Participant: 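For reference, the structure I am asking about is given below.
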Number of protein chains: 2
Amino acid sequence: MTFPTLSRGQVQQLLVEQSAKYVKLQQAHLKLDLTRGKPSSAQLDLSNGLLSLPGDDYKDASGTDTRNYGGLTGLAGLREIFGEIMQVPVDQMIAGDNASLALMHDTLVFALLHGTVDSLKPWCQEGAIKFICPVPGYDRHFSICQEYGIEMIPVELNDDGPDMAAVRGLVADPAVKGMWLVPTYGNPSGSVVSEAIAAELAAMETAAPDFRIMWDNAYAVHHLTDQHTKTADILGMCYASGHPNRPMIYASTSKITFAGSGVPFMGGSEANIAWYLKHLAKRTIGPDKINQLRHLRFLKDVDGVHALMDRHRMILAPKFSMVGEILRSRLGGLEVATWTEPKGGYFVSLDTVDGLASRVVKLAGEAGIAMTPAGAAFPYGKDPRDRNIRIAPTFPALAELEVAIDGLATCVLVAAAEQALAS
Amino acid sequence: MTFPTLSRGQVQQLLVEQSAKYVKLQQAHLKLDLTRGKPSSAQLDLSNGLLSLPGDDYKDASGTDTRNYGGLTGLAGLREIFGEIMQVPVDQMIAGDNASLALMHDTLVFALLHGTVDSLKPWCQEGAIKFICPVPGYDRHFSICQEYGIEMIPVELNDDGPDMAAVRGLVADPAVKGMWLVPTYGNPSGSVVSEAIAAELAAMETAAPDFRIMWDNAYAVHHLTDQHTKTADILGMCYASGHPNRPMIYASTSKITFAGSGVPFMGGSEANIAWYLKHLAKRTIGPDKINQLRHLRFLKDVDGVHALMDRHRMILAPKFSMVGEILRSRLGGLEVATWTEPKGGYFVSLDTVDGLASRVVKLAGEAGIAMTPAGAAFPYGKDPRDRNIRIAPTFPALAELEVAIDGLATCVLVAAAEQALAS
């Protein structure tokens, strides 16, 4: 009994039933928020040890007084931990202030105003420049491009990475200066860039000599199963392929420790890091080293990071399981939507049949369930098929999440029935 | 017995004496650093209470969980304290991450790439643009201009502010888009912009509709005497004169609490703050609110800030006194140099007779006394009279400072005698 096979009468009957549920939902005066990938209080509690650190001992292992100025690259001890996780030599790593988004933003600003080490001139002095945007993707990546007038070209993101036929075609255009990519547990689809596709991204010829892959490895250690998915070593691959300056690699502890008070990292070739530091030196004398010391003392080493992430997983895996169960039970077999069951990361990506997403998000909002606006995961906020809905299950408590996802399923069914009757 | 009245023989005699002292200095194998305005360990110790804060209570007065994302403007409680100090309404204040230099840098980057609220187009799309730079001034201000190709025009900084005749002439040029100013206890001269000059800066007509005063009030509460010098209320004055968007106002706790881990602030008109936040929102989800809460708990209120600054003064005032005493005793009455005796701030500015500064800094360096490069306080590092030397007395312990300043005086005398004999 899939949706397309229902008779008009059956659809009318379904609309009556689901509308009744929807009215009840509205009467419950909910105020639930599935909009952003925010850690829950229970997750943040896992890092409360940070709140009293570093205590009286403010010197790092090298004897640096972390309270004073200096040290543009950030504390070596912390860079060692995340260099291992990010597969970047510690000397080619920068630890910054509290947001990897800011490091990505500033990378593009420096490229716009100065050009990269491989650029003939500042990007802002070129004609129109373009970025490849695998979709669905992270809205804040796209906002940076929009802010600076960088034209965004969507390409399909498959389970194993971007559609390489499309990418190969696009990079033949010298105006295409780069691409965004969340390699592991992509936001929102959960897709993982395979070794083969990463190798091809590293090796492909690009018309622009200063083509950059913005490799945002935000969820490198954010596993939802026993399987520790390996991220492709894009830096090594790019060195091997003779394009060492191609990847700019980012990560942060925002979803490991505290979302607003973590430490972000950036890695890349020697030349890229020297370039970034040269420009960064005009902006700041150095990062918040005390917060870096605090993280170093708390996390201790790579094993410490993984142990902490295991505790996150114990909180998160049941939420993701429940989302899957509810969607299966309410929408399974109806051919009205598909959704991801990610092995890591922070999101479930729900695709309705074409043309429903905006209506579903509107219905949900009017029932007190705030969803990310439909289209948010696409450049310029425009989903050409109006089908993608990003679900962020991490923040609400399990009981609230249950109500919200069940309500969302109701909204999908109402919207699908409306659509069927209107056609 | 001033230097110009000495006979050649007397100068030769003086050079022999001072050279002997200089040789002893070299034999002491010193390693002293007077280069940067860094707080000393004793000053940093005053804020060690921060090292274990906020502790378990991570919510601010409004109930915000400071551990999570959000809150682009920063914590209201902390903005209230510094709004009062900076004379800016709390709603027109932003509290950021750890460096006011970064806020200034980003203000100019946003102006370059987008234009200000009063600009017809992005500054980077105009022809050459220019900034007025009162000298001597802060080298890191000038580095930002140099980084982005903004032409710097020096004007004399007097005890009561910039030479207004020069400023009035320059702002008739529409390419002159702004000026730097440290209004209180200027770096390095210690000068304080008077009410009259501030009022004139607020009221003057400028050819550029988007002229900006970068009002870096870094030393607002950094008094070295009982006298709490009032900073002119530039924002109020600019509103009163019909130019509310003219001033961009900055301050930070870098030299109140911890130099690398403080909180910076920015204030301005409603329109300027909305403009900045709009662009900032593309760069970050919010600042490190835990560090802001930490500061709020530690400083408590405006009185708490002043009480802490009194303790800094007890450490710093003797150092500045000693610098003055040594310079008076070694160089007084010789007409070979003048120096400031500032009522606040972080520097003593020493002017030798013309043409000596580079040689003095070189001699000092070769005797193990690191000084900021001669010319550092001037655009492009070029002091046209080669006379200004910036002394940063805060970091060394009193005994080391004594040796360093005495050694510096020796270098001045050696260089002056060399110069007299060469002419």
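The model shown is predicted, which means the values in this text are computed figures rather than measured ones. Lettering follows sequence order; numbering is per chain, from 1.
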Participant: Quick one: CD on B/Gln125 to SG on A/Cys124, what's the gap to the nearest 0.5 Å?
Facilitator: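 Here the interatomic distance stands at 8.0 Å.
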Participant: Relative to chain B, which segment of A/Phe110 carries a heavy atom at a distance below 4.5 Å: side chain, backbone, both, or neither?
Facilitator: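 The side chain, not the backbone.
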Participant: Check whether A/Pro287 gets within reach of chain B through its side chain, its backbone, both or neither, counting any heavy atom under 4.5 Å.
Facilitator: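 The backbone, not the side chain.
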Participant: Return the minimal non-hydrogen interatomic distance between B/Tyr69 and A/Ser254, and the atom names on each side.
Facilitator: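 Taking B/Tyr69 first and A/Ser254 second, the nearest heavy atoms are OH-CB, 3.4 Å.
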Participant: Rounded to the nearest 0.5 Å, how far does CZ of B/Arg67 lie from OG1 of A/Thr257?
Facilitator: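 With rounding to 0.5 Å, OG1 (A/Thr257) is 11.0 Å from CZ (B/Arg67).
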Participant: Not counting sequence neighbours, list each pair that qualifies as a salt bridge (charged side-chain N to carboxylate O under 4.0 Å, His left out) and has a residue in residues 286-298 of chain A.
Facilitator: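 Matches after skipping sequence neighbours: A/Asp57-A/Arg297.
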Participant: Of the backbone (N, CA, C, O) and the side chain (C-beta and beyond), which part of A/His114 lies under 4.5 Å from a heavy atom of chain B, both, or neither?
Facilitator: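 Just the side chain, heavy atoms under 4.5 Å.
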Participant: Just by distance, do the side chain of B/Asp56 and the backbone of A/Leu51 share a donor-acceptor pair under 3.5 Å?
Facilitator: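 No; zero donor-acceptor contacts below 3.5 Å.
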Participant: In terms of heavy-atom pairs under 4.5 Å with chain A, which of B/Asn68, B/Leu112, B/Asp106, B/Leu113 leads?
Facilitator: B/Asn68
Participant: Roughly how far, to the nearest 0.5 Å, is the CZ atom of A/Arg283 from the CE atom of B/Met104?
Facilitator: 11.5 Å
Participant: At a heavy-atom distance under 4.5 Å, which candidate from A/Asn291, A/Ile144, A/Leu53 has the highest pair count against chain B?
Facilitator: A/Leu53
Participant: Shorter than 4.5 Å, heavy atoms on both sides: which option in B/Ser143, B/Ala102, B/Gly286 has the most such pairs with chain A?
Facilitator: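 Looking at each option in turn, the highest pair count goes to B/Ala102.
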Participant: For the interface with chain A, which of B/Gly260, B/Gly70, B/Ser41, B/Ala281 has the highest count of heavy-atom pairs at distances below 4.5 Å?
Facilitator: B/Gly260
Participant: Among B/Thr284, B/Ile285, B/Leu50, which has the most heavy-atom pairs under 4.5 Å with chain A?
Facilitator: B/Ile285
Participant: I'd like to know which of A/Arg36, A/Lys38, A/Lys278, A/Gln146 tops the heavy-atom pair count under 4.5 Å against chain B.
Facilitator: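 So the answer, after comparing A/Arg36, A/Lys38, A/Lys278, A/Gln146, is A/Lys38.
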Participant: Measuring heavy-atom distances to chain B, does A/Tyr58 have an atom under 4.5 Å in its side chain, in its backbone, in both, or in neither?
Facilitator: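 For A/Tyr58, the side chain is the part near chain B, not the backbone.
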Participant: Relative to chain A, which segment of B/Asp45 carries a heavy atom at a distance below 4.5 Å: side chain, backbone, both, or neither?
Facilitator: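 It is both, since atoms from each part get that close.
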Participant: Which atoms of A/Ala99 are under 4.5 Å from chain B, going by heavy atoms: the side chain, the backbone, both sets, or neither?
Facilitator: side chain
Participant: Give, as side chain, backbone, both or neither, the part of A/Ile290 having an atom under 4.5 angstrom from any heavy atom of chain B.
Facilitator: both
